[in-house]
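First comes the structure, then the notes that go with it.
Fair warning: this is a prediction, and the values are worked out from it, not measured in the lab.
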Amino acid sequence: MPKSRIRKKADYTPPPSKEATSIKLTSRGWVAPVMLAMFVIGLAWIVVFYVTDGSLPLDSLGNWNIVVGFGFIAAGFGVSTQWK
């Protein structure tokens with residue numbers, strides 16, 4: 001019986017590596033201080049309202065001072081979405 005021909009296999013060459021594209025995650029330096037300031041201002045607004053029995057920060061707003069305090073806190077959460 002005749003011998004079969006031996007096929008020479010090509011050496012393995014790995015595919016060319018793709019250059020890693022660097023993603024720029026430039027953090028905005030102003031986000032964290034503004035976010036924390038909004039949280040602290042909102043909390044302080046509510047605390048001052050309760051401690052002074054509603055006479056401060058703005059007497060004319062009455063119980064809406066609580067909404068203003070929570071508005072500052074919500075604005076802080078809104079600013080936090082800009083953090084990268």
Side-chain angles (χ1 to χ4, degrees):
M1 181 170 247
K3 267 189 163 180
S4 61
R5 289 189 323 196
I6 298 174
R7 288 182 248 163
K8 187 175 180 182
K9 293 183 179 179
D11 292 334
Y12 173 75
T13 55
S17 64
K18 296 179 181 175
E19 290 184 25
T21 57
S22 63
I23 300 172
K24 277 191 167 181
L25 292 178
T26 57
S27 181
R28 299 175 182 160
W30 59 270
V31 174
V34 171
M35 175 184 65
L36 292 175
M38 294 291 225
F39 290 153
V40 170
I41 290 170
L43 181 65
W45 193 289
I46 293 171
V47 168
V48 167
F49 174 72
Y50 277 116
V51 168
T52 61
D53 291 328
S55 62
L56 288 176
L58 294 175
D59 190 27
S60 62
L61 289 180
N63 285 335
W64 283 97
N65 280 308
I66 298 171
V67 175
V68 172
F70 278 111
F72 275 112
I73 294 171
F77 280 113
V79 169
S80 72
T81 63
Q82 299 299 315
W83 198 350
K84 289 185 179 183

Hphob cluster co-occupancy, [X] + [Y], side-chain heavy atoms under 4.5 angstrom:
{"X": "Phe49", "Y": "Phe39", "value": "yes"}
{"X": "Val47", "Y": "Val67", "value": "no"}
{"X": "Leu61", "Y": "Ile46", "value": "yes"}

Of all heavy-atom pairs linking Phe72 and Met38, the shortest is O-CB, 3.5 Å
On a heavy-atom basis, the closest approach of Met35 and Val79 is N-CG1, 4.1 Å
Side chains of Leu58 and Trp45: does their closest heavy-atom pair fall under 4.5 Å?
->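 Touching, per the 4.5 Å side-chain cut-off.
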Phe77 and Ile73, any side-chain heavy atoms less than 4.5 Å apart =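 Answer yes - side chains close enough.
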Asn65 side chain to Gly62 main-chain N or O, any donor-acceptor pair under 3.5 Å?
->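 Yes, Asn65 side chain to Gly62 backbone: donor-acceptor pair under 3.5 Å.
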Working to the nearest 0.5 Å, report the span between CG of Leu36 and CD1 of Ile41.
-> 11.0 Å
